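I have placed the structure first, in the form of structure tokens, so that the comments after it can refer back to it.
Quick caveat, the model's predicted, so the values are computed rather than measured.
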Amino acid sequence: MTGFGDRCSRRSEAADEPLAGTASTIRRWLLLEHAGPWGRDGLLDARLPDGLGLALRDLGRRSRSRVLLIRRPARAEGSGTACFAIDTAEAWIGARTLERLDDVVQLDPGDRSAFPHAVREPVAVVCTHGRRDVCCAERGRRLAAAAALEHSTSVWESTHVGGDRFAGNLVAFPHGLVFGRVEPERGAEVVAAYAQGRIVLDRYRGRTSHPMPAQAADVALRMRSGLDRIDDVRLLAVERAGDVATVRLALPAADALVRVVRNELSPMRLTCASGSEEAAATWTAESIELDARESPSQRGTSSSP
């Protein structure tokens with residue numbers, strides 16, 4: 001049995017594993033309310049109607065979506081079943097209420113007409129999937145409970161979101177911003193900042209609509225410049241050649257070219273349930289170049305002959 005000091009999140013912290021560039025690349029998400037219990041596999045082992053878990057897994061594959069089961073931290077019972085579809089590239093959330101859980105398999109997460117209720121406030125999910133990794137139970141549940149005290153309508157517990165060793169993990173939708181190692185006392189801060197259009201940078205792992213090299217470049221650029229508004233930095237292009245990637249990003253008054261390199265940390269067990277050691281990959285910014293853009297007035301100015 002894994003001891004407290006040998007938890008995967010403790011090993012990651014001890015190895016000083018960077019958070020930047022570690023979010024799974026997922027554009028579309030489908031969130032389905034289910035009180036649990038969830039079991040080891042969030043869909044196949046949960047107490048869902050017969051065959052629904054397998055149907056949800058197939059739905060996720062067909063629609064290229066990550067399907068999560070979610071529940072309120074206080075386990076409050078509501079009327080109907082909440083269901084959200086999210087496109088993180090376009091920062092959109094649609095919702096509908098289901099009368100029966102099975103109705104979800106008739107929906108296409110990419111079809112906005114199937115989710116007619118536009119969601120205007122953030123949806124924050126905290127991974128508390130303890131049957132998959134104990135770190136998510138020990139760190140995630142306390143984080144979710146603390147954040148929900150101030151943001152009761154925004155915060156949900158969820159099944160596996162990726163990166164157990166970075167628990168407590170919080171994903172802020174609709175942008176799909178992933179935060180790791182979020183302490184319970186900082187959960188409300190992360191959600192409040194996001195609601196104001198800002199990012200708590202020291203806990204930021206990346207945006208799920210971006211590939212990992214772009215996430216690392218985004219975080220490095222923001223940390224250097226102090227730009228914490230979500231819209232301050234926009235991804236333009238990524239060019240990758242093996243373990244090196246060049247990422248072009250747009251800032252308010254300039255474009256930036258960030259060169260990031262892939263490295264590997266010393267092997268370690270990446271989850272509490274791992275039976276063997278693996279080398280975790282990390283992307284690190286090697287250089288950042290800024291190219292100031294001319295203003296319209298500058299472009300229209302010509303020198304006298």
Side-chain angles (χ1 to χ4, degrees), residues 1-27 40-42 66 68 88 125-140 143 158-172 176-183 190 199-223 235 238 240-247 258-288:
M1 183 175 180
T2 304
F4 179 74
D6 196 34
R7 299 282 195 253
C8 65
S9 58
R10 299 283 179 180
R11 293 193 294 271
S12 177
E13 287 175 315
D16 198 23
E17 184 177 2
L19 292 172
T22 61
S24 299
T25 303
I26 305 162
R27 174 173 175 170
R40 177 71 173 79
D41 185 296
R66 170 70 65 85
L68 298 182
T88 59
V125 303
V126 177
C127 181
T128 61
H129 198 169
R131 291 294 297 274
R132 183 181 177 95
D133 196 291
V134 69
C135 286
C136 298
E138 293 176 344
R139 296 190 167 193
L143 169 59
S158 81
T159 49
H160 179 63
V161 302
D164 302 332
R165 64 191 185 279
F166 302 115
N169 285 301
L170 183 152
V171 188
L177 306 187
V178 183
F179 300 87
R181 299 190 189 125
V182 183
E183 302 88 345
V190 171
I199 302 172
V200 175
L201 295 178
D202 68 334
R203 291 295 180 265
Y204 185 35
R205 292 177 55 192
R207 181 170 177 169
T208 67
S209 59
H210 296 167
M212 289 181 175
Q215 295 173 20
D218 176 38
V219 176
L221 181 60
R222 288 177 179 277
M223 293 293 285
L235 177 63
V238 182
R240 180 174 173 180
D243 290 338
V244 178
T246 302
V247 183
V258 184
R259 185 177 189 269
V260 293
V261 178
R262 182 184 183 275
N263 298 293
E264 291 187 350
L265 300 175
S266 298
M268 61 181 173
R269 290 188 291 112
L270 300 182
T271 71
C272 289
S274 294
S276 60
E277 295 186 339
E278 299 177 56
T282 180
W283 288 91
T284 306
E286 279 202 337
S287 64
I288 299 176

For this session: Answer yes when R165 and E278 have at least one side-chain N-carboxylate O distance shorter than 4.0 Å, and no when they do not.
Result: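 Answer for the salt bridge query: no.
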For this session: Could you tell me whether D218 and R222 have a side-chain N and a carboxylate O separated by less than 4.0 Å?
Result: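 Between R222 and D218 there is a salt bridge, with a charged N closer than 4.0 Å to a carboxylate O.
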Where is the tightest heavy-atom contact between [X] and [Y], given as atom of each residue plus distance?
X: L68; Y: H160; answer: CD2-O, 3.2 Å
X: V238; Y: A214; answer: CG2-CB, 3.8 Å
X: V126; Y: G140; answer: CG1-O, 3.4 Å
X: F166; Y: L19; answer: CD2-CD2, 3.5 Å
X: A285; Y: V258; answer: CB-CG1, 4.0 Å
X: R139; Y: G168; answer: CB-N, 3.8 Å

Please report the interatomic distance [atom1]([X]) to [atom2]([Y]), rounded to the nearest 0.5 Å.
X: E138; Y: C272; atom1: CD; atom2: SG; answer: 7.5 Å
X: R40; Y: R132; atom1: CZ; atom2: CZ; answer: 5.0 Å
X: T22; Y: Y204; atom1: OG1; atom2: OH; answer: 10.5 Å

Heavy atoms, side chains only, cut-off 4.5 Å: are [X] and [Y] in contact?
X: R205; Y: N169; value: yes
X: T88; Y: I26; value: no
X: R259; Y: V244; value: yes
X: T282; Y: E17; value: no
X: M212; Y: R262; value: no
X: D164; Y: C135; value: no

Are [X] and [Y] linked by a side-chain donor-acceptor pair shorter than 3.5 Å?
X: S274; Y: T271; result: yes
X: R207; Y: S209; result: yes
X: R181; Y: S12; result: yes

Would you find a donor on one side and an acceptor on the other, under 3.5 Å apart, between the side chain of [X] and the backbone of [Y]?
X: R131; Y: D133; value: no
X: R269; Y: G275; value: no
X: T25; Y: H210; value: yes

For this session: Check the pair L177, I199 against side chain to side chain contact (heavy atoms under 4.5 Å, CB included), reporting the backbone distance first and the verdict last.
Result: CA-CA 8 Å; L177 306 187; I199 302 172; 3.7 Å; yes
Exercise. With a cut-off of 6.0 Å (strictly less than), are more than 12 heavy atoms of other residues, nucleotides or ligands near CZ of R203?
Worked result: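 Yes, CZ of R203 has more than 12 neighbouring heavy atoms, counting only those of other groups under 6.0 Å.
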